[in-house]
Protein chains: 2
Amino acid sequence: MATIRDVAREAGVSIATVSRVFNQTALVTDATAQHVRTVASRLDYWPNSAARSLITHRTHAIGVLLPDLYGEFFSEVIRGIDMAARREKYQVLVSSSRANAETIVAAVRALRGRIDGLIVMAPDADATAAIGDFAARFPVLLLNPGATAIEVGALSIANHEGAYAAVRHLIDLGHRRIAMVMGPSGNLDAGERNAGYRQARADAGIAHLPELELAGDFSESSGFQAAEALMRIRPRPTAVFAANDYMAIGLISALRDADVRVPQDLALVGFDDIAIAQYLSPMLTTVRVDACELGERAMQRLLPFARTRRPAEPHRETLPTTLIVRHSCGAQTPANGATVGSRHRPRGTRHLDDRTSAVRDGGAPGEV
Amino acid sequence: MATIRDVAREAGVSIATVSRVFNQTALVTDATAQHVRTVASRLDYWPNSAARSLITHRTHAIGVLLPDLYGEFFSEVIRGIDMAARREKYQVLVSSSRANAETIVAAVRALRGRIDGLIVMAPDADATAAIGDFAARFPVLLLNPGATAIEVGALSIANHEGAYAAVRHLIDLGHRRIAMVMGPSGNLDAGERNAGYRQARADAGIAHLPELELAGDFSESSGFQAAEALMRIRPRPTAVFAANDYMAIGLISALRDADVRVPQDLALVGFDDIAIAQYLSPMLTTVRVDACELGERAMQRLLPFARTRRPAEPHRETLPTTLIVRHSCGAQTPANGATVGSRHRPRGTRHLDDRTSAVRDGGAPGEV
DNA sequence: AATGTAGATGTAATCGTTTTCATCGTTCGT
DNA sequence: ACGAACGATGAAAACGATTACATCTACATT
């Protein structure tokens, strides 16, 4: 592998000049620059990034710490991160870890020195706490941290507002006995969605009923199992809000097996709007979260701090969600089969933009 | 940030000793080692990986080059890679690129010097070719490269055998007019699946009919659109093999809209066995590919070469696939609702193991 | 007691860059 | 025509580790 010295010798210049050519730093004569470039490409020279980052204290890499969960949501977030990274010429170092504080600290330690900034998806409260002191002296951005006391740059989605809108929609359709399939306990997104569910009930004057909150863990199979518990409840709920789409899929499957019709016998709303939501039968009404944008935005927020290696300022931002009305909720759809959803801005937090997007859906999926 | 010098000074030893303590290389007195460790942790010292890799020529990182496609398959592969990496204390640098040769070369160049080895998911033939000369002097492992002339370490899945089994299964059920929804043109996996489809037809003495091969690109919407084309074919096919599950989902959705019953009016088999396949209605008969294992195995294969930084030996290995019989193919299922699939070993290539796994499915998804 | 040996530790070179500062022509204002 | 200013380039000192080699000590061997 050719080094900067080889290029310098071959081109008859000093290594400083070669370095300048590659960094476009000080002004070098066009002729020399061109010559150096020619020689460099002939020798197939490329700057050694270890040597470079040793002296510059920059790695041009961002770490992404994921929870152990996987699925479409995460892969979309990574995709967004990757898109932004590529645009900004940064590398992405991914690393997953069990959610517990100990392994998170270990993972962060292993990443240390290899990255200029860190994006942490820490869906659990203790995970968030574990990152706290590190974030005070390193550029860290938390994804979906929920409400926490620690001061840290964070980006979350409007879980509460989205869930509220979903449940409110069911209430507006006349439902009163509305169950919810919860997410994993300790998961902050799940917690906020539950809070939104409760708030919507309370605001409509519907009493809180603990037995309507069914256990779940975001997996299809937990949704499947929740359906069985659901059907044992008397009087039977007429609607159910699933904390994510995967569980909604499990629900649909179990309900079909039990000959419970969706939405006639039981209305259903999910959360996330994963790609296949519109291809399910019935087409799933759900709360759209733009996971890809979340990742992209996280990178955008983090990069300025990563470049200067200063801790990110403790500013929280919340991405809006959109209720996508399809068929599983049983809403009457307009003649063309399309309904309108509105964008939910988080209360009391800054939001990304002001527009309220109108969402038409319910037509042929292929057209969307 | 404390350096090795700070620790050495503080502990009253030389930097060489500190280095030895952290690398467990030469024997150091237990007392000194313990003392150094104490001081190091007090100063919150951690070896600078740039400096370390500058002199050792090792980065302890593996690059993963992905195509632009996303979805469950890729996220599962990454998950497998990540699992193996964590076990072996390697970092994972992901980078996606358009499939064309030019951007792949650019991506490889950007990764150069930061990684000890590279896993490339190159579903296209030209992408594979682009990597060729690089692989001759660097540890590279190709995923899903299909049959290519270049000598390179590779890992693929038994596309041909899986597709053959799927179509053969449909033939055994009495179907003769069997269509196929193709994958993206140029995609090698898709090509092999198509070859398996044709082979199964040929072996059963069914003539090749080009009009039964419908365009698709692995997306749900392309499956949806293919269904429309499918229904215009006269005489109408009685079965269809989709080159992946996402397209099968699009097909199911479109067929339902058109009141075509699956499997009664049209039998359907997919490919990949994504998580939700068993929750679809009807439950999808498909060819299982263990994407996670693929990633894990890739890492296993690559690491020995990455450690020594020697080009991987040009050896190809193929992971078996399994036909999972559920309801969408219309097969009669045993009394307990379960059917048996068998594992397909690639012909003429080495396979991972000899077992022929029996797969029972068709029961309640929650129980699987 | 002299010598050999082995284990523990230190010294210093090295990895491949970036960057400060010095140097050396040019050109320009007067 | 002369010094100033400036633009292009080079020399050399970091950056923070690893490691070959040297050194030193303690102890066994003769």
Side-chain angles (χ1 to χ4, degrees), chain A residues 1-37 39-40 43-61 91 109-116 307-309, chain B residues 1-37 39-40 43-61 91 109-116 307-309:
Chain A
M1 192 67 74
T3 75
I4 198 172
R5 280 201 168 68
D6 301 325
V7 177
R9 183 171 10 84
E10 198 78 5
V13 297
S14 74
I15 59 169
T17 302
V18 178
S19 172
R20 284 192 270 257
V21 168
F22 274 83
N23 294 289
Q24 293 150 336
T25 165
L27 30 196
V28 181
T29 315
D30 279 359
T32 349
Q34 189 51 51
H35 179 221
V36 168
R37 265 182 227 287
V39 172
L43 297 185
D44 196 26
Y45 166 77
W46 197 259
N48 177 308
S49 54
R52 181 178 266 183
S53 67
L54 177 58
I55 194 152
T56 60
H57 296 285
R58 298 261 175 310
T59 61
H60 275 265
Q91 303 284 345
R109 165 156 299 187
L111 246 27
R112 184 212 294 224
R114 331 194 71 155
I115 55 176
D116 293 342
R307 287 191 215 277
T308 58
R309 289 187 81 82
Chain B
M1 192 67 75
T3 75
I4 198 172
R5 280 199 169 66
D6 300 325
V7 177
R9 181 169 14 81
E10 198 77 4
V13 297
S14 75
I15 59 168
T17 302
V18 177
S19 172
R20 284 191 270 255
V21 168
F22 274 82
N23 294 290
Q24 293 149 338
T25 166
L27 30 194
V28 181
T29 315
D30 279 359
T32 350
Q34 190 51 51
H35 180 220
V36 167
R37 265 183 226 287
V39 172
L43 298 185
D44 196 26
Y45 166 78
W46 196 259
N48 177 307
S49 54
R52 180 179 267 181
S53 70
L54 177 58
I55 193 150
T56 60
H57 297 286
R58 299 262 176 310
T59 63
H60 274 264
Q91 303 284 343
R109 166 158 297 189
L111 246 26
R112 185 212 292 224
R114 332 194 71 156
I115 55 175
D116 293 341
R307 288 191 215 277
T308 59
R309 289 187 80 82

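Each chain gets a letter, A, B and so on, in the order the sequences are listed, and its residues count up from 1. All heavy atoms count here, side chains included; hydrogens, waters and symmetry mates do not.
End-to-end axis angle of the helix from C:dA1-D:dT30 to C:dT30-D:dA1, using five pairs per end and rounding to 10°, comes to 40°.
For A:Ala110 against B:Gln91, the heavy-atom pair with the smallest separation is O-NE2, 3.4 Å.
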Expected string for nucleotides 13-20 of chain D under the B/S/- scheme (protein heavy atoms, under 4.0 Å, primed atoms plus P, OP1, OP2 as sugar-phosphate) is -BBBBBB-
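Not counting sequence neighbours, B:His35 has no partner by the ring-ring contact (aromatic ring centres under 6.0 Å, His included) test. Judged as a salt bridge (charged side-chain N to carboxylate O under 4.0 Å, His left out), and not counting sequence neighbours, B:Arg37 has no contacts.
Atom CZ in A:Arg58 sits roughly 12 Å away from atom C1' in C:dT18 (whole-Å rounding). The CG-C1' distance, from A:Asp6 to C:dC15, rounds to 13 Å in whole Å.
Looking at heavy-atom distances under 4.0 Å, B:Ser53 makes no contact with the nucleic acid at all.
Evaluated for a side chain to side chain contact (heavy atoms under 4.5 Å, CB included) with A:Val21, the options A:Val36, A:Val7, A:Thr32 yield exactly one hit, A:Val36.
Applying the salt bridge (Lys or Arg N to Asp or Glu O under 4.0 Å) test to residues at least two apart or on different chains, none of the pairs has a partner in residues 18-35 of chain A.
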Table please: side-chain donor-acceptor pairs of residues 8-18 of chain B below 3.5 Å, with sequence neighbours left out.
from    : atom 1 : to      : atom 2 : distance (Å)
B:Arg9  : NH2    : B:Asp6  : OD1    : 2.8
B:Ser14 : OG     : B:Ala16 : N      : 3.3
B:Ser14 : OG     : B:Thr17 : N      : 3.4
B:Ser14 : OG     : B:Thr17 : OG1    : 3.4

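A salt bridge links A:Arg309 to A:Asp116: one of the charged nitrogens lies within less than 4.0 Å of a carboxylate oxygen.
The line from CZ of A:Phe22 to CD1 of A:Ile4 is 8.0 Å long, rounded to the nearest 0.5 Å.
Checking the phosphate oxygens (OP1, OP2) of D:dG7, no side-chain nitrogen or oxygen of A:Thr29 falls inside 4.0 Å.
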